[in-house]
Asker: 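Got a structure for you, questions after.
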2 protein chains.
Amino acid sequence: MAVVRAGLSPERLTLAGAELADEAGFDQVTLSALARRFGVKPASLYAHVKNSHELKTRIALFALEELADRVADAVAGRAGKDALTAFANAYRDYARAYPGRYEAARYRLDPQTAAASAGVRHAQMTRAILRGYDLAEPDQTHAVRMLGSVFHGYAALEAAGAFDHTDVAAQQSWAWTLDCLDTALRCRSTPLTGSPTPGSKGHRQ
Amino acid sequence: MAVVRAGLSPERLTLAGAELADEAGFDQVTLSALARRFGVKPASLYAHVKNSHELKTRIALFALEELADRVADAVAGRAGKDALTAFANAYRDYARAYPGRYEAARYRLDPQTAAASAGVRHAQMTRAILRGYDLAEPDQTHAVRMLGSVFHGYAALEAAGAFDHTDVAAQQSWAWTLDCLDTALRCRSTPLTGSPTPGSKGHRQ
DNA sequence: GCGTTTGCCTATAGGTTGTAGGCAGACCCA
DNA sequence: TGGGTCTGCCTACAACCTATAGGCAAACGC
């Protein structure tokens, strides 16, 4: 019987796990299922990943990185509302195209792992977007959190099917929401002179 | 040996499951763990709940109901921004006080179960809040989704510890966000007369 | 008191996690 | 080319969770 090695590696396991997550859900990502996918016994995987938690952590880090790359691509060369929209769409599109990976990206990481993850790039890019809105600290931090909440919340609710029961397209609500955020952020901008009137267009860049 | 019946019932199992979720996380809610909590064998629970999925569904429905009750209490007799803040705080406070139940409330329900759940009350109450902002359809639906996204997103990110790394209190960002939402919604209101505020592109679908 | 129902039990099977140790092909070097 | 080592996947096993089937005794109705 020709014994052919499966060619396992942490990277291949991570990628296959991400694919499995997209197909069956992140909670279905198990070492047994992954072993079946490679035509291998479960115990063999322990030579490449320490345990189930490490595998999931690797998938989470991979997804965070991939998402950050896409967002970075999307916002390159854009500013203001244009950048906000590009960022938001890249985010939502990823969550829709790769639901399992997106779910993985929300896997709880221990603090130091999180600090070394692409999660920090996400925060940095969000701050970059906000440069177009002239927000001083701590308002900028507040805005980072608000945007993160909206993006994640929308993706999560949409994925959960929460928008399926009403006959209004999720796409339209998304556009409306982004428009609303842009307006709100411009209202909050701190122009060098003049009164902060609602709807002031004092954002540079 | 005095045989004392444990007094199991679907309701007691649901409540105990909710408590277990708050203590150890919703993913740790297992029939075995629940059986241990009652000093009973796992198989005994199958006389009261069909399987693990049904138990989790019951906990989810319970949490949705409980959360809806709290929100209803909070918004009673309030309107406008006052109501918005009360709604939002009731929501966030619940997520912080009962993280496991809140997680359970996001458990994926099949469509008809969801339609019969307290989830519809949540949507109705959100619409009630928005009566103070004079939004015509489909803007009202858009706003319902945006608010839901922010509330859920903020609770989820906060629970995940996403706000722990920056030295700005989550409470302040929360207040800022609510203020921002109030402003944005007022900008979007459709007064009987007067010019649309800058930033609104007359999106009436 | 008798029969039925209720409530939890034991026994059992299958699936997933994780550890320990074995074996053979692949690789390195002389 | 041959010998030694390393690598990669294996079997075996123990523990835990889910789920089903069937048993037994207390509780209940009359």
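From a predicted model like this one, the values you see are computed outputs, not experimental measurements. Within every chain, numbering begins at 1; the chains are lettered A, B, ... in the order of the sequence lines, protein sequences first and strands thereafter. Computed over heavy atoms, backbone and side chain alike; hydrogens, waters and symmetry mates excluded.
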Asker: It should be established whether Arg36(A) places a side-chain nitrogen or oxygen under 4.0 Å from OP1 or OP2 of nucleotide dT16(C).
Answerer: yes
Asker: What is the distance, to the nearest angstrom, from the CG atom on Leu8(B) to the C1' atom on dC9(C)?
Answerer: 12 Å
Asker: What is the distance, to the nearest angstrom, from the NZ atom on Lys41(B) to the C1' atom on dT12(C)?
Answerer: 15 Å
Asker: Using a 4.0 Å heavy-atom cut-off, does Thr30(A) contact any base of the nucleic acid, only the sugar-phosphate backbone, or nothing at all?
Answerer: sugar-phosphate
Asker: Ignoring the backbone of Leu31(B), work out which of dT17(C), dC17(D), dA19(D) is nearest its side chain.
Answerer: dA19(D)
Asker: Please list, one pair per line, the donor and acceptor atoms closer than 3.5 Å that link side chains of residues 109-120 of chain B to other protein atoms, with sequence neighbours excluded.
Answerer:
unit_1: Asp110(B); atom_1: OD1; unit_2: Thr113(B); atom_2: OG1; d: 2.7
unit_1: Asp110(B); atom_1: OD2; unit_2: Thr113(B); atom_2: OG1; d: 3.0
unit_1: Ser117(B); atom_1: OG; unit_2: Ala114(B); atom_2: O; d: 2.7
unit_1: Ser117(B); atom_1: OG; unit_2: Gly119(B); atom_2: N; d: 3.0

Asker: Could you give the CG-to-P distance, from Leu34(A) to dC9(D), as a whole number of Å?
Answerer: 13 Å
Asker: Is a side-chain donor or acceptor of Arg70(B) paired with a backbone partner of Tyr94(B) at a separation under 3.5 angstrom?
Answerer: no
Asker: Please report, rounded to the nearest Å, how far the P atom of dT16(C) is from the CG atom of Asp27(B).
Answerer: 17 Å
Asker: Is it the case that the side chain of Tyr154(B) and the backbone of Arg92(B) share a donor-acceptor pair, with hydrogens and angles ignored and the cut-off at 3.5 Å?
Answerer: no
Asker: Specify whether Phe26(B) and Tyr107(B) have parallel, tilted or perpendicular ring planes, treating 30° as the upper limit for parallel and 60° as the lower limit for perpendicular.
Answerer: perpendicular
Asker: How are the rings of Tyr91(A) and Phe87(A) set to each other: parallel, tilted or perpendicular (split at 30° and 60°)?
Answerer: parallel
Asker: Could you list by number each residue of residues 42-59 of chain A showing a heavy-atom separation from DNA chain D of less than 4.0 Å, or answer none if no residue does?
Answerer: Ala43(A), Ser44(A), His48(A)
Asker: Quick one: list whatever passes side chain to side chain donor-acceptor pair (under 3.5 Å) with Ser173(A), sequence neighbours left out.
Answerer: His142(B), Arg145(B)
